[in-house]
Amino acid sequence: MDLARTDIYLDGRWVPGSSGQTLEVQNPTTEAVLATVPAGSADDVDRAVAAARAAFTGWADTPPADRAAALDRLHAALTTRADEIARTVALELGTPLKVATRVQAGLPLTVLRSYVDLAAHPPAPERVGNSLVVREPVGVVGAITPWNYPLHQVMAKLAPALAAGCPVVLKPSELTPLTAYLLFDAVDEAGFPPGVVNLVPGTGPVVGEALAAHPDVDLVSFTGSTATGRRISHLAADRIARVALELGGKSANVILDDADLATAVKVGVGNAFLNSGQTCTAWTRMLVHRSRYDEAVTLVAKAADGYRPGDPFDPATRLGPLVSAAQRDRVREHVTRALADGGRLVAGGPDAPLPDRGFFVAPTVIADVDPDSALAQEEVFGPVLAVIPVDDDEHAVTVANNSRYGLAGAVWSGDEERALRVARRMRTGAVDVNGAPFNPLAPFGGYKQSGLGRELGRYGLEEFLQTKAIQR
Ligand code: NAD
């Protein structure tokens, strides 16, 4: 399969990028170069934004039913590519194929489907006294996305932006651009008006900065690290442009003393190690009532053993490599530091066996972690779980909230009312009680330094709308 790409997508066509330079995409399992893509430039961003600006009025005025129909065509074009998308994510990111099929390819289709429906039924004008309050598309959207869910993170922006009537310029992560190319093959097949959807691949410092700072971009919608989110906020602040930020997390999984411990541990470990721990919502701090703590640590260590690292294309593999050598090295440093800080290694660690090649880290569990230590405070973004004892519900809430992040979390208890009381007090954008399933229509986003704004469902659509009051 030849994965190399030579063009960028501008104004409804594939065209060569202006820099003449390329970026290499690496396979994290084999460490080989997988393909090259064009390295976009600030000039490419200018051309893409100009195309999007020119398309804005026409797309904003397109009847909702027609915008919904275009999204429906995109859904059909992507559905035929679902297997190729799953394989490509397994190649460029290393997600085990089974998970890639269900989550990396499947979830974006679910999200897109929800916006086919929402696009057809936009918020109705509202009467407030002598005012008519109408919602209008915010304008040209610059979307900047990370590598860990390379299609889902894009779809969580692209689908609501298009549904709302906003043209988009996308800059995907330079580590996983191949999945974005498959999306744009589908965009091309679906037939949007020229300029409504544009792709400029490239690095953060070149293409990302040019897009975030561009005077003609009305909203910068970003998913990625908190450090980059801060930089993008500064760039957008110069022209008072809107920003939507989906950033990092250090989410707490609170296991109360009356919980079904076996289930709580099994689901908790699965959540922490999903996508090799490269998941912003990962429950990376497991907080367990002291009366069940030793029992829980034993169960966690056993569960972690089931996540042997291996080839993403082997159906038995549950843990692939990390995305890059740099990411692997960062995660290793976190583990070394956590052990030096007094954590107790109960699974994995620096000496656990690994495949000969590839950017692997063993599934690692560290118990007795100090809630103020680096491991409990910093996002690791690898398969590393911190286990922390807590005295009672009050203490669990205090430790859970002892974080500059607030993206996700969980509570387990035999008494749902008790679990809900704890969930309500957690300063975080989402909490799952007793392993409740993911809801693609529920608002998704962070408190504190985990972000600004919400994605998914009608809350996600709101991000791309302005509000106008007309008095009469
Ligand atoms: P990152 O911040 O390094 O990169 C994200 C994107 O920003 C990439 O496309 C990158 O090229 C671009 N970028 C980098 N520097 C830039 C700059 N100066 N100006 C403009 N753009 C720039 O993050 P990452 O390493 O790709 O992703 C991992 C991070 O993303 C983790 O911290 C994770 O928690 C977070 N994340 C958050 C969510 C969420 O929804 N909250 C989802 C997924 C990932």
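Just so you know, ligand 1 is whichever comes first in the structure, and atom 1 is the first atom listed for that ligand. This structure is a prediction, so every number in the text was calculated from the model and none was measured.
- Salt bridge status for Lys157 with Glu463: absent, with no side-chain N to carboxylate O gap under 4.0 Å.
- Near ligand 1, Ile144, Thr145, Pro146, Trp147, Asn148, Gln153, Lys171, Pro172, Ser173, Glu174, Gly204, Gly208, Glu209, Phe222, Thr223, Gly224, Ser225, Thr228, Arg231, Ile232, Glu246, Leu247, Gly248, Cys280, Glu379, Phe381, Leu407, Phe444 each place a heavy atom less than 4.0 angstrom from the ligand.
- Remark: the backbone N or O of Phe381 is paired with a side-chain donor or acceptor of Gln327 at under 3.5 angstrom.
- Ring pair Phe438/His152 is perpendicular by interplanar angle, where above 60° counts as perpendicular and below 30° as parallel.
- A salt bridge is absent between Asp44 and Lys171; no separation between the charged side-chain nitrogens and carboxylate oxygens falls under 4.0 Å.
- The heavy-atom pair separating Ala396 from Leu287 by the smallest distance is O-CD2, 3.7 Å.
- Under the 4.0 Å criterion applied to side-chain N and carboxylate O atoms, Arg53 and Asp218 are assigned as salt-bridge partners.
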